[in-house]
Amino acid sequence: MPEKTFERTLVTSALPYANGYIHLGHIAGAYLPADIFVRYKRQKGEKVLYVGGSDEHGVPVTLTALREGITPKEVIDRYHTANAEAFKRLGISYDIYGRTSWPLHADTTQAFFTRLNDTGYIHEDEMELWYSEHLERFLPDRYVSGTCPKCGYTGANGDECESCGAQYSPHDLVSPRANIPGDDSSPVLRKSKHWFLDLPKFKDRLKAYLDSHPEWRANVRGIAYGWVEDLRSRCITRDTDWGVTIPLDDPEAEGKRIYVWFDAPIGYVTNTRQWGLDVKGDDAAWEPWWKDEATRLIHFIGKDNVPFHAIIFPAVLAGQDGFVLADNVVGNEYLNIFNRKTGKEEKGSKSKGNMISVKWMLEHFAPDIIRYYLCANAPESRDAAFDWDDLLKRYNGEICDVVGNFIHRSLTMTVKNFDGQVPEAGNLDEEDRALLDYLPTQIDAIGGALEDFRFRLALERVIDLGRRANVYFDARQPWVTRKTDLARTGSTLYACCQVVHALCHVLAPFTPDAARTLSAILGIHLPEGGPDGGVDGWNAGKNLLSPGAPLRKPTVLFPKLDKDRIAELAEAHQRGEAF
RNA sequence: GGCGGUGUAGCUCAGUUGGUUAGAGCAGUGGAAUCAUAAUCCACGUGUCCGCGGUUCGAGUCCGUGCACCGCUACCA
């Protein structure tokens, strides 16, 4: 199969649900990897657009509003604003961060729905659902609890028992109770008409689609293949008043809305449309990003999201007119939390109080620190755990001591001994050349890992570059030759400056603040890139600084973390103050 | 129960299409160095590659099977 060539890359990160604050698990899974990838692509000068936004519909938002005595709109405004701010401060560099509550989104969603309906991919059916006569509203299964018909567990959900794992029809649940704010009445089953997406009709196309992507991660492929073998029609409407209205003339459609999971991924399209209007002033600017075969669409998600991005949304897109399907769905595992008291990893949960919000983290750490640790410890192929000691050890021991210190010792010595300029290369011997030859090789190795979505490995290779450079520095002993052979010292530091220059480029996707500071010290320009592309500022890292180029006095790029301070924060975290 | 992922050194991980004595970092021990953010460098590894069985001249890698952990199981978003 010939390698497909693409002209532009459209990257999405899962839309976080605007019913809570984003936490570190979200970042490590769906946002930071996407941002690193996007920054890398931009730096290469490729055309890349990064789209995200808040997912703002669905019943849980209405229940939060009910609980707090405010409107759903107030709920989503609060979380949308806070999350957009957290992303921005962390340097998650969206080209647009949209909202599914935008009127434009109703238009996109309805167009998708109508097209599927007109082409026979949507059918009606009647369902029996729990209904609270007390609140005069339908209740999703998760908001009805009762006694499990199999094991007698009293905290069972409407259709599933958490205790024994049994699944059953709502009819079988014993003593059902509503489980939402202000209502613990006994719900009754009531019939309601709904609309279903006919997934089985897409089976062959989905199968062929999955077959054409053997390069996807094992976890994503495994989950997707599990689904495609057993596709069922899926209900895409709900009994609620909070969501996109159903574009049908049926009176039964009133009081119902399109299911949040149907409209959320469509938000990627809406937000691309809005980006075109805002940035290009062109209501057709979005189309190439979704309809040109030469567009490479990539979704970054957590593993819980795989069925929606590898099966359901591709089906929805396949049912449209000429939309591209994702070329890759990058699904991460989960970031757990290491509990220092018990010595065990546990799932982050609000009730345990062990979550760490991005907002709290940013109050205590520079974005580069958070980005470094979450990438170095990303849950790419298995669950990982956030651990304070590990954060301290890895950030201090790797990026500070190995990379940061190499940069600092090189630049300090150069500035002091060579009048603030890159020294003359002089007579380079085999050892110098070996180091200089290694640079483009390693830059390619880092870029290759990024192209393969292996962000941990890519970052490790950055650190390896620092390690290799420290070995060189120690072997050449410029602090000794300085007193005996200034030309030799110049050659050594010339080579070291080239390493620093390469590091500046390869650090940029991971730790953009440090890279920016370093580029100013080196007097170089790291191109921003963007949707229109630009010059290749990634491979420019392979170029060499010219002798005589001025250098500014270096500053510490990665200040070390204080052990006692980390211990204090870990304590605060343990007390549940980190969310 | 069904399905999927993961399992390599004390810890975190890398191991391309099967190919010599299975690697790196961290931690530990000893040493060197003093340019640098007390940062660096060198030396030191008897690992049931989770177990069992199979294919093969050859298996960490492929196949089967069992175990452990994690997740999903369609109305959680």
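Per chain, numbering begins at 1; letters A, B, ... match sequence-line order.
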Can you tell me the distance, in whole Å, between the [atom1] atom of [X] and the [atom2] atom of [N]?
| X | N | atom1 | atom2 | answer |
| --- | --- | --- | --- | --- |
| A/D452 | B/A14 | CG | P | 13 Å |
| A/L459 | B/C13 | CG | P | 14 Å |
| A/N19 | B/C76 | CG | P | 15 Å |
| A/I463 | B/A24 | CD1 | P | 18 Å |
| A/E460 | B/A14 | CD | C1' | 7 Å |
| A/Y143 | B/C75 | OH | C1' | 11 Å |
| A/K347 | B/C72 | NZ | C1' | 10 Å |
| A/R461 | B/G25 | CZ | C1' | 14 Å |

Considering only the [atom1] atoms, how many Å lie between [N] and [M], rounded to the nearest integer?
| N | M | atom1 | answer |
| --- | --- | --- | --- |
| B/C11 | B/A38 | C1' | 24 Å |
| B/G58 | B/C3 | P | 33 Å |
| B/G7 | B/C62 | P | 11 Å |

Roughly how far, to the nearest 0.5 Å, is [atom2] of [Y] from [atom1] of [X]?
| X | Y | atom1 | atom2 | answer |
| --- | --- | --- | --- | --- |
| A/T240 | A/R137 | OG1 | CZ | 6.0 Å |
| A/L507 | A/L557 | CG | CG | 8.0 Å |
| A/F202 | A/L199 | CZ | CG | 7.5 Å |
| A/R371 | A/L459 | CZ | CG | 11.0 Å |
| A/R238 | A/L129 | CZ | CG | 8.5 Å |

**OP:** For each nucleotide in nucleotides 61-68 of chain B, reading 5' to 3', give B when a protein heavy atom comes within less than 4.0 Å of its base, S when such contact involves only the sugar-phosphate, and - otherwise.
**Re:** --------

Original post:
Nucleotide by nucleotide, 5' to 3', does protein get under 4.0 Å of the base (B), only the sugar-phosphate (S), or neither (-) in nucleotides 30-37 of chain B, counting heavy atoms?
Top reply: ---SSBBB

**OP:** State whether A/F365 and A/R565 meet the cation-pi test: NZ (Lys) or CZ (Arg) under 6.0 Å from the six-membered ring centroid, and within 45° of the perpendicular axis.
**Re:**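 Flagged: A/R565 positioned over aromatic ring of A/F365.
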
Searching all strands shown, indicate the nucleotide that pairs with [N] (Watson-Crick or G-U wobble; both distances under 3.5 Å).
| N | answer |
| --- | --- |
| B/G18 | none |
| B/U29 | B/A43 |
| B/C13 | B/G23 |
| B/C62 | B/G54 |
| B/C3 | B/G71 |
| B/A77 | none |

**OP:** Before giving the answer on salt bridge (charged side-chain N to carboxylate O under 4.0 Å, His left out), spell out for A/D230 and A/R232 the whole-Å C-alpha distance, their side-chain angles and the decisive distance to 0.1 Å.
**Re:** CA-CA 7 Å; A/D230 182 28; A/R232 304 168 214 171; 2.8 Å; yes

Original post:
Which sits closer to the 5' end of RNA chain B, A/A378 or A/D55, going by the nucleotide each is nearest to?
Top reply: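 On the 5' side of the pair lies A/A378.
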
**OP:** By nearest nucleotide on RNA chain B, pick out whichever of A/K393 and A/G466 is the more 5' one.
**Re:**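 Its nucleotide being nearer the 5' end, the pick is A/K393.
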
Describe the nucleic acid contact of [X] in one word from base, sugar-phosphate, nothing, applying a heavy-atom distance below 4.0 Å.
| X | value |
| --- | --- |
| A/N305 | nothing |
| A/R454 | sugar-phosphate |
| A/R394 | sugar-phosphate |
| A/F138 | nothing |

Original post:
For the residue pair A/H123 and A/F196, does the interplanar ring angle fall in the parallel (under 30°), tilted (30 to 60°) or perpendicular (over 60°) class?
Top reply: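 A/H123 and A/F196: parallel rings.
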
Compare side-chain N and O positions of [X] against OP1 and OP2 of [N] and report whether any pair is under 4.0 Å apart.
| X | N | result |
| --- | --- | --- |
| A/R232 | B/U73 | no |
| A/R382 | B/C13 | yes |
| A/Y17 | B/C76 | no |
| A/R467 | B/U40 | no |

Original post:
Choosing from B/C75, B/C70, B/U6, which nucleotide comes nearest the side chain of A/Y259?
Top reply: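 Nucleotide nearest to A/Y259's side chain: B/C75.
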
Original post:
Is the number of heavy atoms from other residues, nucleotides or ligands within 6.0 Å of NZ (A/K203) greater than 12?
Top reply: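 Enclosed.
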
Original post:
Would you find more than 12 non-hydrogen atoms of other residues, nucleotides or ligands less than 6.0 Å from A/K193 atom NZ?
Top reply: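 Yes.
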
Original post:
If only atom types and distance count, is the side chain of A/S132 paired as donor or acceptor with the main-chain N or O of A/L135 below 3.5 Å?
Top reply: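 Yes; at least one donor-acceptor contact below 3.5 Å.
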
Subject >> A/Y373-A/N377 side chain donor-acceptor pair, cut-off 3.5 Å >> reply: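 Yes, side-chain donor-acceptor contact under 3.5 Å.
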
